[in-house]
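Below is one structure, written out as structure tokens, with a few remarks after it.
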Amino acid sequence: MHIDTVRAAYRRYAGVYDLVFGKSFEAGRQQTLDRINGRKGLRILEVGVGTGLSLPDYNPDHTIVGIDASEEMLNLARERVAKKGIRNVESLVEMDAQKMTFEDQSFDVVVAMYVMTVVEDPQAVMNELKRVCKPGGDIYIVNHFSAEKAGLRLKFERMIANFAELLGWHADMPMSPLLSNAGIEIVTIAKLPPFGMFTMVHCRNSDTAAESLLQAV
Ligand SMILES: C[S@@+](CC[C@H](N)C(=O)[O-])C[C@H]1O[C@@H](n2cnc3c(N)ncnc32)[C@H](O)[C@@H]1O
């Protein structure tokens with residue numbers, strides 16, 4: 001979706017976002033943060049931070065920078081930070097994930113949760129995640145990826161893909177093309193509740209081919 005369509009959609013959603021998506025997206029946020037929080041002193045970028053639902057749960061020892069395309073979503077994230085007295089959020093900035101203004105290799109960890117199916121050019125976002133992540137750093141992506149093989153699920157996903165603009169996300173994005181061209185190593189691919197509908201992919205920013213784990217999906 002074009003970024004103006006995204007902004008218009010999230011202007012409408014912002015007020016009800018936590019109520020509608022707070023619980024249903026919780027497992028992805030929690031499992032991602034569990035993996036990161038065992039470490040200390042990381043500089044983390046959260047791309048598409050939204051209303052900042054994850055912000056209270058980062059280890060206070062980490063420093064968080066959040067970006068989002070929607071000012072309305074960011075304002076709710078800023079309110080959350082102020083209300084909860086969260087002290088490890090360095091900044092929350094309006095920025096397009098497809099062309100970020102950060103220097104190369106700025107972050108130890110880069111996180112993008114439930115964002116890839118919303119953006120117009122997921123491959124551009126993937127390139128940016130890699131560019132701003134330090135070599136050897138970690139990239140976590142949580143998303144709904146469509147079925148890779150023919151079948152009922154793929155048929156259904158292609159059908160609802162026609163309503164992408166209305167829904168605010170694309171239902172028919174497969175994982176392999178996005179990751180196999182990204183020049184990253186895939187560490188883990190985990191299916192998440194509810195019903196394995198979402199997937200968490202942990203990647204390392206090194207140029208080892210992504211093929212082997214992808215073939216196992
Ligand atoms: C489904 S929400 C996910 C929010 C949050 N990550 C969560 O877990 O609840 C998708 C978010 O991505 C943001 N977004 C969409 N396109 C973007 C872009 N090109 N650059 C930055 N953020 C974008 C939207 O504004 C929205 O806040």
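In this text, all values refer to a predicted model and were calculated from it rather than measured experimentally. In listed order, ligands and their atoms are each counted from 1.
In this structure, Met200 CE and Met113 CE are separated by 11.0 Å, a value rounded to the nearest 0.5 Å.
Using cut-offs of 30° and 60° for the angle between ring planes, the Phe21 and Tyr13 rings count as perpendicular.
Between Arg43 and Asp108, none of the side-chain N atoms (NZ, or NE/NH1/NH2) sits under 4.0 Å from a carboxylate O, so this pair counts as no salt bridge. Residues Glu94 and Arg7 are paired through a salt bridge, judged by an N-O separation under 4.0 Å between the basic side chain and the carboxylate.
Shortest non-hydrogen contact noted between Gln98 and Val125 is CG-CG2, 3.6 Å. Between Leu53 and Asp57, the shortest heavy-atom distance links the atoms O-OD2, 4.2 Å.
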N/O pairs closer than 3.5 Å, ligand 1 and protein:
{"residue": "ligand 1", "atom": "6 (N)", "partner": "Gly48", "partner atom": "O", "Å": "2.7"}
{"residue": "ligand 1", "atom": "6 (N)", "partner": "Met113", "partner atom": "O", "Å": "2.9"}
{"residue": "ligand 1", "atom": "8 (O)", "partner": "Arg29", "partner atom": "NE", "Å": "3.0"}
{"residue": "ligand 1", "atom": "9 (O)", "partner": "Tyr17", "partner atom": "OH", "Å": "2.7"}
{"residue": "ligand 1", "atom": "9 (O)", "partner": "Arg29", "partner atom": "NE", "Å": "3.4"}
{"residue": "ligand 1", "atom": "9 (O)", "partner": "Arg29", "partner atom": "NH2", "Å": "2.9"}
{"residue": "ligand 1", "atom": "19 (N)", "partner": "Asp96", "partner atom": "OD1", "Å": "2.9"}
{"residue": "ligand 1", "atom": "20 (N)", "partner": "Ala97", "partner atom": "N", "Å": "2.8"}
{"residue": "ligand 1", "atom": "22 (N)", "partner": "Ala69", "partner atom": "N", "Å": "3.1"}
{"residue": "ligand 1", "atom": "25 (O)", "partner": "Asp68", "partner atom": "OD1", "Å": "2.6"}
{"residue": "ligand 1", "atom": "27 (O)", "partner": "Asp68", "partner atom": "OD1", "Å": "3.2"}
{"residue": "ligand 1", "atom": "27 (O)", "partner": "Asp68", "partner atom": "OD2", "Å": "2.7"}

